[in-house]
Engineer: 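Let me begin by handing over the structure; questions about it come next.
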Amino acid sequence: MSALAEGVAAVAARVRASADELNRLDAVAGDGDLGVTMTIAASAVDALVPSLANEPLAAVLVTCGGALARRAPSTGGTLLASALLRAGRRAAELRALDGAAAAELLEAAAAAIAERGGAQPGSKTILDALVPAARAARAAAATSTDLATVLADAADAARHGAEATKMMRPRFGRAGWLADRSTGHEDAGARLAAIVLAAIRDAVATA
Amino acid sequence: MSALAEGVAAVAARVRASADELNRLDAVAGDGDLGVTMTIAASAVDALVPSLANEPLAAVLVTCGGALARRAPSTGGTLLASALLRAGRRAAELRALDGAAAAELLEAAAAAIAERGGAQPGSKTILDALVPAARAARAAAATSTDLATVLADAADAARHGAEATKMMRPRFGRAGWLADRSTGHEDAGARLAAIVLAAIRDAVATA
Amino acid sequence: MQKLINDPRAFAEEMLEGVLLAHGDALRVAADPRAVVRADAPVRGKVAIATGGGSGHLPLFLGYVGRGLADGAAVGNVFASPSADEMLAVTKAVDGGAGVLYLFGNYGGDTMNFGLAAELAAGEGIEVATLRAADDVASAPRGEEPRRRGIAGIFFLYKIAGACAERGDSLASVKATTERAAANLRSIGVALGSCTVPAAGRPTFELPRGKMEIGMGIHGEPGVRRGLLRRADAVADELVDALLADLPHAAGDRVDVLVNGLGATPPEELYVVYRRAHARLRDAGLTVRRAWVGEYATSLEMAGASISLLRVDDELAALLDAPAASPFFTRR
Amino acid sequence: MQKLINDPRAFAEEMLEGVLLAHGDALRVAADPRAVVRADAPVRGKVAIATGGGSGHLPLFLGYVGRGLADGAAVGNVFASPSADEMLAVTKAVDGGAGVLYLFGNYGGDTMNFGLAAELAAGEGIEVATLRAADDVASAPRGEEPRRRGIAGIFFLYKIAGACAERGDSLASVKATTERAAANLRSIGVALGSCTVPAAGRPTFELPRGKMEIGMGIHGEPGVRRGLLRRADAVADELVDALLADLPHAAGDRVDVLVNGLGATPPEELYVVYRRAHARLRDAGLTVRRAWVGEYATSLEMAGASISLLRVDDELAALLDAPAASPFFTRR
Ligand SMILES: Nc1ncnc2c1ncn2[C@@H]1O[C@H](COP(=O)(O)OP(=O)(O)O)[C@@H](O)[C@H]1O
Ligand SMILES: Nc1ncnc2c1ncn2[C@@H]1O[C@H](COP(=O)(O)OP(=O)(O)O)[C@@H](O)[C@H]1O
Ligand SMILES: [Mg+2]
Ligand SMILES: [Mg+2]
Ligand SMILES: [Mg+2]
Ligand SMILES: [Mg+2]
């Protein structure tokens, strides 16, 4: 198996292990199934791992994005699929897989989600982890070309971004509505993004 | 109000106060509503009390039986209605309301229930309180004409009879079936009969 | 109690008021407020089907009052028989001169009161025949069938009796055909959760999480086996096997299957159960002619399901497929 | 979990297998196993109605596939959108050459995937129009109507769109008429108890005994007010008043009313609620043209109910009364 394919499997495993936490967070303001959907997504991706052995990153991202779109078409799954598909297309245009490339791909992912879902950062969504991660990656890439270094900063930013969603009002809330009940809880999608980026960082570090 | 009408109201009050216990016992092998039904019956009887002021026992029993038949037509309620109607008809034939009369009325009541419901003593029903009560009343009446004395024995026998149902297998049970789960619990209808007879005894004693 | 109710004692009354406000075009009350009949009752010259029973089982009983079904129903309090007077009021309102079939579930209060009502009706010159549903194989062993309770399978009997009456059969013939169906009908249920009689205020029984009870009655009467809640396939197998052990049948026979929800169990689960029941019946050499899946006879918010099997011949099949329409059940 | 299921991950799959085994005369799968269409699809020359959404809401969505209703539905996992591919498979199977109306509830995943499917369908030369039910007034305030979720009121839209299509209206006209209905449609719900997504294995939310939540979404999304569970009359008043505050109306207007059960709440309670809603509407000067009471859109075993109001004109009334037939809903 290639390091890339191994990385994909590692990310999938990490997501699967977080299923309960994701369900719990999604239950606060949503329907409590993000972990269920992401477990299905992880299984779908797992099934593809053997076929990814000799594929370049662009193909891997597009393949995984397609699997999510077909097998995990919930709101979060569909947005993530868009992100992977857009990042995959962008990856095909990149020459090297260095720190700057990571920033490019994260920006592409965040842009795809913003376009598809029509949300802005600050409304307690996955964007609140992904946008800071992309920004941190871009900043890190300005001083380092090392992929691992850039990913470490991105993963940190994603984690902080996800934590910051605790105090945000959710996308469908308005003053006085019970949606406020989510105060103090991270957004499930933001947490997912943090988990995925940490898993990617670790996979790259150990590769 | 006549002593008789007051007695009726006192019995109704005692039944109403036992509603929870009757529901609980009925829930063991039945549907948990005997207290609900008997509360409705007690209210129906209460509403009639003023009109009973100058009525003889026969009319009182028939009136109450009719009220039960119309307002509390569950299995237990319908059987009790039959008992009251039959006892009322018998009462019209009696000259004195003494100990022997009490035995006559209890025998009529038990016979009506046995005919209507087709059960025999021993199958964990109201008959297991009523039949021993009638028997005890007949025995007591052989040595005393005093109504209170005879009713005291009848009430005691009803209570013991009801307690004895704890160890009986219910009417719809058969070996190995879950109906056995009622072992250790009194039959709700038998308990009701014991409550009613104790209330009648007390009403007569204080009249 | 997590219930949308007002005064628990007025529950049946208010439910009935709601039904009549909602469906005044199809239903009306007869002389007694608890006597609900087809708006167009009596239908002259047609045998009438009268039914009734306790509340808490909708669409049973009152929901099967309609064209091609029953003509009227007496409505009792929750889990309690209506009175003979109320049944008599239904009887008089639906009698179209061709006689009345009493069709109801085999429970003590109902049996006694319909018996009394039949005597009263005879006294008024109305011909009455009686048929009691006793389809629950868990409620008494073979050899003691007359003691069995009636559960969801009664739906098939309404459908058949109603269609017979609609096509003009005589009272004796409606009864005979419906009896033939009853003889070929078996049901059994499984409970996964309890229900609360509003005026009692507490669950009728406790069923610990992770447990189920096979054969529990529709009011919570004890069943034949309590045990670990198993997979839907295993439960379906156990229920179907119990039915097949009781219902005489031969390979090639056709059956109609009813998978009925008791209240809280979602339709999705009923279809998961049906999926396996279908396979199990096929493996036993039987052909499912038609499947009926949904809530046909409930027990308030009880969780669980029942399966009913009706062995059909061509005539019964045609009667089952005949049109019918009530506010609760329509077949075109 | 007190559920009749096998592997939780196979729940939607097995449910669907059961539905197809039970109703193979009325429904079939198209190219994709999650694409369920009328057995006689495509109907040449008729506008087709395509829908879909997550499982766990039966009879929504797949239960409204039938004559005079929708032509096909894409079936997702519990509370999860189906994929654009599955929607495309439905689209291709139902298109009879007169175009396809996508009619579904306003949720993120569904909107994105139907959007993608529409693009893919256009690429294959199929004309698609889209209409999203957004009837839940509790899900966003006035002025932000496009953000509102779709709940049980979508039933009325299926009924109307299906009847328009059946009588031969063009795609533009089916959409315009259904949009007119949508503009006059409002819903709101109340939850009394939670539900458990099988694969999640734990209740989506906790609602303490004695509490209720007004406006909770059909997946457990937070509502507008949590408080003591009040009497059914007070709850009905609160719901009806919220609808009337949102729906423009004048004295003398006619409305159709839907009192919908979320799953565990018995029909009896729905009628107690309807009883009061009827009175409240009458007091507000409105006339109830027709009442629809039952389970039209559920949330697994959630306890509670929703009320939907549709202000009708003569044309909408006729469309609502037109015949319709699916394995889950029949109107003759
Ligand atoms: N419009 C949006 N833009 C960005 N992210 C969104 C949007 N809507 C939802 N999300 C993300 O999706 C997550 C929920 O995903 P999921 O559970 O798959 O949704 P659902 O169950 O509602 O289909 C949320 O926690 C949030 O981060
Ligand atoms: N056939 C019978 N003969 C005598 N008593 C009976 C019979 N069936 C039931 N009972 C009595 O009726 C009681 C239950 O009454 P009730 O709750 O009114 O019945 P249900 O709720 O089944 O209509 C039982 O506890 C039993 O004592
Ligand atoms: Mg979710
Ligand atoms: Mg009882
Ligand atoms: Mg009862
Ligand atoms: Mg979801």
Side-chain angles (χ1 to χ4, degrees), chain B residues 19-41 43-44 66-82 85 112-113 115-119 123 125-126 169-183 185 189, chain C residues 8-9 11 32 34 52 54 56 74 76-87 107-117 138-141 143-144 147-149 194-206 213-227 299:
Chain B
D20 238 49
E21 181 189 3
L22 295 174
N23 284 337
R24 221 182 314 246
L25 288 174
D26 188 31
V28 174
D31 57 357
D33 67 354
L34 186 60
V36 172
T37 304
M38 286 303 134
T39 300
I40 296 171
S43 301
L68 255 73
R70 274 188 300 278
R71 303 291 309 284
S74 73
T75 310
T78 303
L79 290 170
L80 215 54
S82 296
L85 292 169
I113 289 182
E115 263 173 45
R116 202 73 199 282
S123 56
T125 72
I126 190 171
R169 310 259 312 305
R171 55 204 175 285
F172 291 123
R174 65 162 188 179
W177 282 34
L178 291 177
D180 283 351
R181 143 187 341 151
S182 77
T183 302
H185 300 273
Chain C
R9 290 166 301 181
F11 182 60
D32 188 292
R34 295 297 191 98
N77 285 320
V78 173
F79 295 177
S81 171
S83 73
D85 280 356
E86 290 153 357
M87 292 163 179
Y107 292 89
D110 303 286
T111 301
M112 290 186 286
N113 283 295
F114 270 109
L116 189 49
S139 54
E144 299 182 39
R147 259 181 42 196
R148 287 183 175 170
R149 305 176 291 231
S194 191
C195 63
T196 299
V197 175
R202 110 166 51 76
T204 303
F205 59 93
E206 298 293 341
E213 187 163 320
I214 300 279
M216 179 170 279
I218 58 170
H219 310 106
E221 300 93 336
V224 290
R225 188 175 84 74
R226 185 176 277 207
S299 298

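Each chain gets a letter, A, B and so on, in the order the sequences are listed, and its residues count up from 1.
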Engineer: Which heavy atom in B:Ala29 sits nearest to a heavy atom in C:Pro222, and how many Å separate them?
Structural biologist: O-CD, 3.3 Å
Engineer: Looking at B:Arg116, I'd like to know if its CZ atom is crowded, meaning that more than 12 non-hydrogen atoms belonging to other residues, nucleotides or ligands lie closer than 6.0 Å.
Structural biologist: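 Correct, the count exceeds 12.
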Engineer: Do you see a donor-acceptor pair shorter than 3.5 Å between the side chains of C:Asn77 and B:Thr37?
Structural biologist: no
Engineer: From C:Phe79 CZ over to B:Asp26 CG, what is the distance, rounded to the nearest 0.5 angstrom?
Structural biologist: 11.5 Å
Engineer: Under the 3.5 angstrom rule, does the side chain of B:Asp33 hit a backbone N or O of C:Val197 as a donor-acceptor pair?
Structural biologist: no
Engineer: Would you say C:Asp32 and B:Arg70 make side-chain contact, with heavy atoms under 4.5 Å?
Structural biologist: no
Engineer: How long is the straight-line distance from OG1 of B:Thr75 back to CE of C:Met112, given to the nearest 0.5 Å?
Structural biologist: 5.0 Å
Engineer: Pick whichever of C:Asp110, C:Leu116, C:Val78 has the most heavy-atom pairs under 4.5 Å with chain B.
Structural biologist: C:Leu116
Engineer: As an exercise: rank C:Arg202, C:Glu221, C:Arg149 by heavy-atom pairs under 4.5 Å with chain B and give me the winner.
Structural biologist: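 Most pairs with chain B among the choices: C:Arg202.
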Engineer: With a 4.5 angstrom heavy-atom cut-off, could you sort out which part of C:Arg34 is near chain B: side chain, backbone, both or neither?
Structural biologist: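 Neither part, no heavy atoms under 4.5 Å.
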Engineer: On a heavy-atom basis, which atom in B:Ala69 and which in C:Ser83 lie closest, and how many Å separate them?
Structural biologist: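 Looking at all heavy atoms of both residues, the closest pair is O-CB, 3.4 Å.
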Engineer: Only pairs of heavy atoms separated by less than 4.5 Å count here; which of C:Gly54, C:Gly76, C:Ser299, C:Pro82 has the most with chain B?
Structural biologist: C:Pro82
Engineer: Which heavy-atom pair separates C:Ala200 from B:Gly32 by the least distance, and what is that distance?
Structural biologist: CB-O, 3.8 Å
